[in-house]
**Student:** 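Attaching a single structure in structure tokens format; questions to follow.
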There are 2 protein chains.
Amino acid sequence: MPGFASYPQLSFDEFVEALEQAVPSLPRQEAKLAQFVLLNLNTLGLETGKSLAARVGVSEVTVGRLLRRLGCNGMKELKELLRQQYTVASPAPEARQGVHRALEQVMEAEIGVVTAVFQQTTGADWERAGSLLSQSERIFITGFQSVRGIAEDFARRLSLARGNVSYLSPHDGMLAEWARIEGTTPGSDCLVLVDVVPYAREAIEVARLAREEERACIVVSDEYCHWSRGIADAVIYAPSRTGLFLESTVGISLALSLLVDAVAAAHPEESRERLLQWKAHAKRLRIF
Amino acid sequence: MPGFASYPQLSFDEFVEALEQAVPSLPRQEAKLAQFVLLNLNTLGLETGKSLAARVGVSEVTVGRLLRRLGCNGMKELKELLRQQYTVASPAPEARQGVHRALEQVMEAEIGVVTAVFQQTTGADWERAGSLLSQSERIFITGFQSVRGIAEDFARRLSLARGNVSYLSPHDGMLAEWARIEGTTPGSDCLVLVDVVPYAREAIEVARLAREEERACIVVSDEYCHWSRGIADAVIYAPSRTGLFLESTVGISLALSLLVDAVAAAHPEESRERLLQWKAHAKRLRIF
DNA sequence: CGCAAAATGAAAGAAAAATAACATTTGACA
DNA sequence: TGTCAAATGTTATTTTTCTTTCATTTTGCG
């Protein structure tokens, strides 16, 4: 009994190719079926073995048989192939060398995270986030629990690209920074919230507060975030479930890195200047 | 008995729109689900009600309920909507958002970072790092400058997988934690250093100090790190040059996430227990 | 023409998914 | 703090889908 694996040894592309190859040498009914499948690859995922059979006018059994003949163990496995295919992110064929067996799936998922984040860079939210970060007078950043540190780093890094960035610690700092100062134009501040499951109660409240005081608000969070849309001016999602004990923070890291870059790109001279200054200062203090 | 029609009165686009509209006003679990669906429209056709439920972490019933609330009578009808949508037009199953032209190369590089990190998971250093983190009695973690926050997060997250983890702030805390206590077995401590270019002078010194006092030392750093090999017991490299204004921290994030996972895998019962406790405590404190 | 081998489908059984009815939990509000 | 309604999950039931086994049909070929 070859092929114990519950996961297919085949890729969808290979399957399709095998199908094309096989058509001429197939028995009549199966050939009809194969033909139909080839012409309807788009909707293949929506079909069930039965529905396919019905559409083509063959019996259900024939469907199963054809699949098995092509090295695909039944409808279930076909669905699996499709899923792998469409979750994008071909895990770079040779790159999985030297990856621990159990981690292969995680790796695929992490790559999926990366592409998912990049795909947002053309969206309207990204656009808005970028210009808010570049043009607002002051930027406040905050993050909670297991991503607080990342948020702090974001503040540090963003400070190298532009000025007036500060980390806000609502709990510890009592939001003193937000005490309304006479003369501050409403609409010139922007708040960045970084939050992941389990979402902090505080995050939502701070976002609301910002809203009420006419501060813009950008939320960077994971794919389950249910509260941000509707409150925030821009929302960026970084998938986090990749099969690990704790949610992955790769997506958040990436999104924030890209945002820093976007801001730097918006003020090329200023950011270059700042970077140089920073290095000079650090050297003076003998930090490195 | 309302709704005789066996064919939906709704189009898929309408459904999606309804979904977007509804998210903010939906109960928590359903909102999470909705959010997930919106971000995974691509593969929606391949999902089954059950699989969706599993991925999001809600019960199957909730899936059915959400759909019905949106005017779509169950999974079957949703599949029907999708079929209509895709059989009609759209040659490609999904209208994928693009990646901004200028970022394509960066994306390639970031994916390269991910695979590079994963490839280390089979190496000897990884092995050593994993067992040190799992078996040492006490773990100290520190990080500098632009990755200090990530290091702090690592400490927080590692604490969910095992005990006796603390963040060490050599500068602020004067290394008081390391004042030698009579009775502490040498060799039972492990230090994790996270450092990237430009390397902190401090990092090297702390590593040396650890060495001298027979503390194990793991260094997580970027591809340029020149000093760690030879001093550290295990070195993990996370590439960082991906063409951005500042170095990317994706690799570091990933490496640290994977390490946490490895530790959790080494003590499955303990880590599960800890996670539950943490959730209970957080709930008690009304953090979320 | 007749026979064997392949192809096909029917029916029954097993597995999975969707649904419905009921129980528990949660959260808002007095 | 207690109460009620909404939200969510559990369990049981029904429906659908997939697969296996076996009988029937078709096809190739001497």
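We name chains A, B, ... by the order of the sequence lines, and we start the count at 1 in each one. Bear in mind the structure is a predicted one, so any value in this text is a computation, not a measurement.
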**Student:** Figure out the CG/C1' separation between Leu52(A) and dT17(D), and round it to whole Å.
**Tutor:** 12 Å
**Student:** Output the single nucleotide from dT8(D), dA16(C), dA21(C) whose closest atom is nearest the side chain of Lys76(A).
**Tutor:** dA16(C)
**Student:** Quick one: Leu33(B) CG to dT8(D) C1', roughly how many Å, whole number?
**Tutor:** 13 Å
**Student:** For Asn73(B) and Arg28(B), take the nucleotide of DNA chain C holding the closest heavy atom to each; which residue's nucleotide lies nearer the 5' end?
**Tutor:** Asn73(B)
**Student:** OP1 or OP2 of dA10(C) versus the side-chain N and O atoms of Ser59(A): is any pair under 4.0 Å?
**Tutor:** no
**Student:** Could you please name the option among dA18(C), dA20(C), dG9(C) that lies closest to any side-chain atom of Met75(B)?
**Tutor:** dA18(C)
**Student:** Within this structure, what is the CZ-to-C1' distance between Arg65(A) and dC22(D), rounded to whole angstrom?
**Tutor:** 11 Å
**Student:** How would you label the contact of Gly64(A) with the nucleic acid (heavy atoms, under 4.0 Å): base, sugar-phosphate, or nothing?
**Tutor:** nothing
**Student:** Whole angstrom is fine here: how far is it from CD in Glu30(B) over to P in dA6(D)?
**Tutor:** 13 Å
**Student:** If the cut-off is 4.0 Å, is Thr48(A) near the phosphate of dC18(D), judged by side-chain N/O to OP1 or OP2?
**Tutor:** yes
**Student:** Calculate the interatomic distance between Lys32(A) atom NZ and dG9(C) atom C1'; express it in whole Å.
**Tutor:** 13 Å
**Student:** Working to the nearest 0.5 Å, report the span between OG1 of Thr242(A) and CG of Leu246(A).
**Tutor:** 10.0 Å
**Student:** Flag the pair Glu152(B) and Arg156(B) as a salt bridge only when some basic side-chain nitrogen lies within less than 4.0 angstrom of an acidic carboxylate oxygen.
**Tutor:** yes
**Student:** Give the intermediate values and the outcome of side chain to side chain donor-acceptor pair (under 3.5 Å) for residues Gln29(B) and Thr62(B).
**Tutor:** CA-CA 8 Å; Gln29(B) 298 294 77; Thr62(B) 304; over 6 Å; no
**Student:** So if I take every side-chain heavy atom of Lys50(A) and compare against dT17(D), dT8(C), dT20(D), which nucleotide ends up nearest?
**Tutor:** dT17(D)
**Student:** Does dG9(D) have OP1 or OP2 sitting under 4.0 Å from an N or O in the side chain of Thr62(B)?
**Tutor:** yes
**Student:** Write down the distance between CD (Glu77(B)) and P (dT15(D)), rounded to a whole number of angstrom.
**Tutor:** 18 Å
**Student:** Rounded at 0.5 Å granularity, tell me how far CG in Asp222(A) sits from CG in Asp195(A).
**Tutor:** 8.0 Å
**Student:** Choosing from dG9(D), dC18(D), dT8(C), which nucleotide comes nearest the side chain of Glu60(A)?
**Tutor:** dC18(D)
**Student:** Pick the closest DNA chain D nucleotide for Lys79(A) and for Gln29(B) by heavy atoms, then say which residue is nearer the 5' end.
**Tutor:** Gln29(B)
**Student:** Nearest-Å distance, CZ (Arg68(A)) to P (dT21(D))?
**Tutor:** 11 Å
**Student:** Going by an N to O cut-off under 4.0 Å, is there a salt bridge joining Glu80(B) and Lys76(B)?
**Tutor:** no
**Student:** Quickly work out the Leu26(B) CG to dA6(D) P distance and round it to whole Å.
**Tutor:** 15 Å
